[in-house]
J.: 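To start, I am sharing the structure in question, which I have written as structure tokens.
On a predicted model such as this, the values are computed, not experimentally measured, just so you know.
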Amino acid sequence: IKEKDESIEQIKSSVSLQDHREKILTIPNVLTMARIVSSPYIGYLIVQQSYGLALCGCVVFGLTDALDGYIARKYNMQSFVGSIIDPAADKVLMTTLTVALAYGGLLPGVLAGVIVGRDVALSLAAFVVRWATLPGPKTLKRYFDLSIPSVEVRPTVISKWNTALQLALMSATLVAPVCGVPADWPGLVALQWATGATTVVSGLGYLVSKDAVHRLTKAEVAKRIPKPHILPKKKN
């Protein structure tokens, strides 16, 4: 009987791991989604040559990015969904700024093509990895259900440097017209070259790095399962 009970518990455990779903609407994820939604408006401000307001929007974007990361670590709200949409929010903003600034003639078209092309390539690769690591049964409904964890994206060191350089470049490019700095200023050109180089290297880094995309093990998935709330027994 004891062996039978243990086998039943193992079956229940395997089922709970297979069907485990994470909570999506956490505070960090909501802040991240807000950044994604607000990015097109920042691009609109740039097209309208409201560079000051667009710069303020970027500052708010950066502050909320740091805030949601702090909350996720402090209160153990890290999730598979967060590991996907947090870098996605950065990419949405970078793509929006890149296209808008290139449209306004403030950013070289070649550099804009490199930045956007890298992000598109990584996005396509993410779709393939998601399907390859999705626990069965593999259906389109489960594929797009981000509450089912399968992998965790871990940014590489060069990717973090590239993100910092891209943010610095976009910020400097926005500040330049406000302060009357010409677009061909040597410091700005040097920053453009550094950003372009790290963009290419970081893109290749995701292809060769074994740690950039980590497939979650059963033990790691088990740690993400919320513990049931047990009410204290009432004393007679």
Side-chain angles (χ1 to χ4, degrees), residues 24-25 27-69 81-127 144 146 153 155 159-185 187-200 202-203 206:
I24 295 180
L25 292 179
I27 295 176
N29 289 347
V30 170
L31 289 174
T32 302
M33 292 174 187
R35 296 204 308 274
I36 294 175
V37 173
S38 63
S39 293
Y41 181 68
I42 296 177
Y44 170 78
L45 291 175
I46 295 174
V47 172
Q48 297 298 316
Q49 299 184 356
S50 300
Y51 303 121
L53 290 176
L55 184 59
C56 291
C58 290
V59 172
V60 174
F61 189 101
L63 291 176
T64 55
D65 189 12
L67 179 61
D68 71 55
V81 177
S83 73
I84 297 296
I85 66 174
D86 186 68
D90 296 335
K91 297 311 173 187
V92 169
L93 178 65
M94 288 298 104
T95 301
T96 301
L97 293 178
T98 300
V99 173
L101 290 172
Y103 178 82
L106 299 176
L107 198 67
V110 175
L111 177 58
V114 170
I115 294 175
V116 175
R118 168 191 175 270
D119 292 342
V120 171
L122 291 179
S123 298
L124 294 176
F127 282 113
F144 291 104
L146 295 181
V153 179
S159 177
K160 293 180 180 179
W161 277 103
N162 176 246
T163 300
L165 285 172
Q166 285 189 13
L167 286 172
L169 175 61
M170 300 307 164
S171 300
T173 306
L174 283 175
V175 170
V178 176
C179 299
V181 178
D184 58 351
W185 181 60
L188 194 57
V189 173
L191 187 56
Q192 292 172 357
W193 277 98
T195 303
T198 55
T199 298
V200 174
S202 63
Y206 274 108

J.: Please tabulate, for side-chain N and O atoms in residues 27-35, each donor-acceptor pair with protein atoms closer than 3.5 Å (sequence neighbours left out).
T.:
from  : atom 1 : to    : atom 2 : distance (Å)
Asn29 : ND2    : Ile24 : O      : 2.8
Asn29 : ND2    : Thr26 : OG1    : 3.2
Thr32 : OG1    : Pro28 : O      : 2.9
Arg35 : NH1    : Asp68 : OD2    : 2.3
Arg35 : NH2    : Asp65 : OD1    : 3.3
Arg35 : NH2    : Asp86 : OD1    : 3.0

J.: Considering non-hydrogen atoms only, spot the tightest contact between Thr195 and Leu165 and give its length.
T.: OG1-O, 3.5 Å

J.: Identify the heavy atoms of Pro177 and Leu106 that sit nearest to each other, and give their distance.
T.: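 Residues Pro177 and Leu106, closest heavy atoms: CG-CD1, 4.3 Å.
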
J.: Quick check: closest heavy atoms across Val189 and Ala183, and the distance to 0.1 Å?
T.: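 Closest approach of Val189 to Ala183: CG2-O, 4.4 Å.
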
J.: Out of the candidates Leu93, Leu55, Leu53, Val60, only one should pair with Ile42 under the side-chain contact (heavy atoms from CB on, under 4.5 Å) rule; please name it.
T.: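 Exactly one pass, corresponding to Leu93.
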
J.: For Leu188 and Ala176, which heavy atoms make the closest approach, and how far apart are they?
T.: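 Looking at all heavy atoms of both residues, the shortest contact is CD2-CB, 4.5 Å.
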
J.: Can you name the closest pair of heavy atoms from Leu169 and Leu111 and give their distance?
T.: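 Heavy atoms only, the tightest pair is CD2-CD2, 3.7 Å.
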
J.: Answer yes or no: is there a donor N or O on one side and an acceptor on the other, between the side chain of Ser202 and the main chain of Thr199, under 3.5 Å?
T.: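 Yes.
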
J.: Is the shortest side-chain heavy-atom distance between Val120 and Thr95 below 4.5 Å?
T.: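 No; the side chains remain at least 4.5 Å from each other.
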
J.: Closest heavy-atom contact between Leu174 and Tyr51?
T.: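 Heavy atoms only, the tightest pair is O-CB, 3.9 Å.
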
J.: Sort out for me which residue in Val99, Thr98, Val92 forms a side-chain contact (heavy atoms from CB on, under 4.5 Å) with Thr96.
T.: Val92

J.: Please examine the side chains of Met94 and Leu167, heavy atoms only from C-beta on, and report whether any two atoms are closer than 4.5 Å.
T.: yes

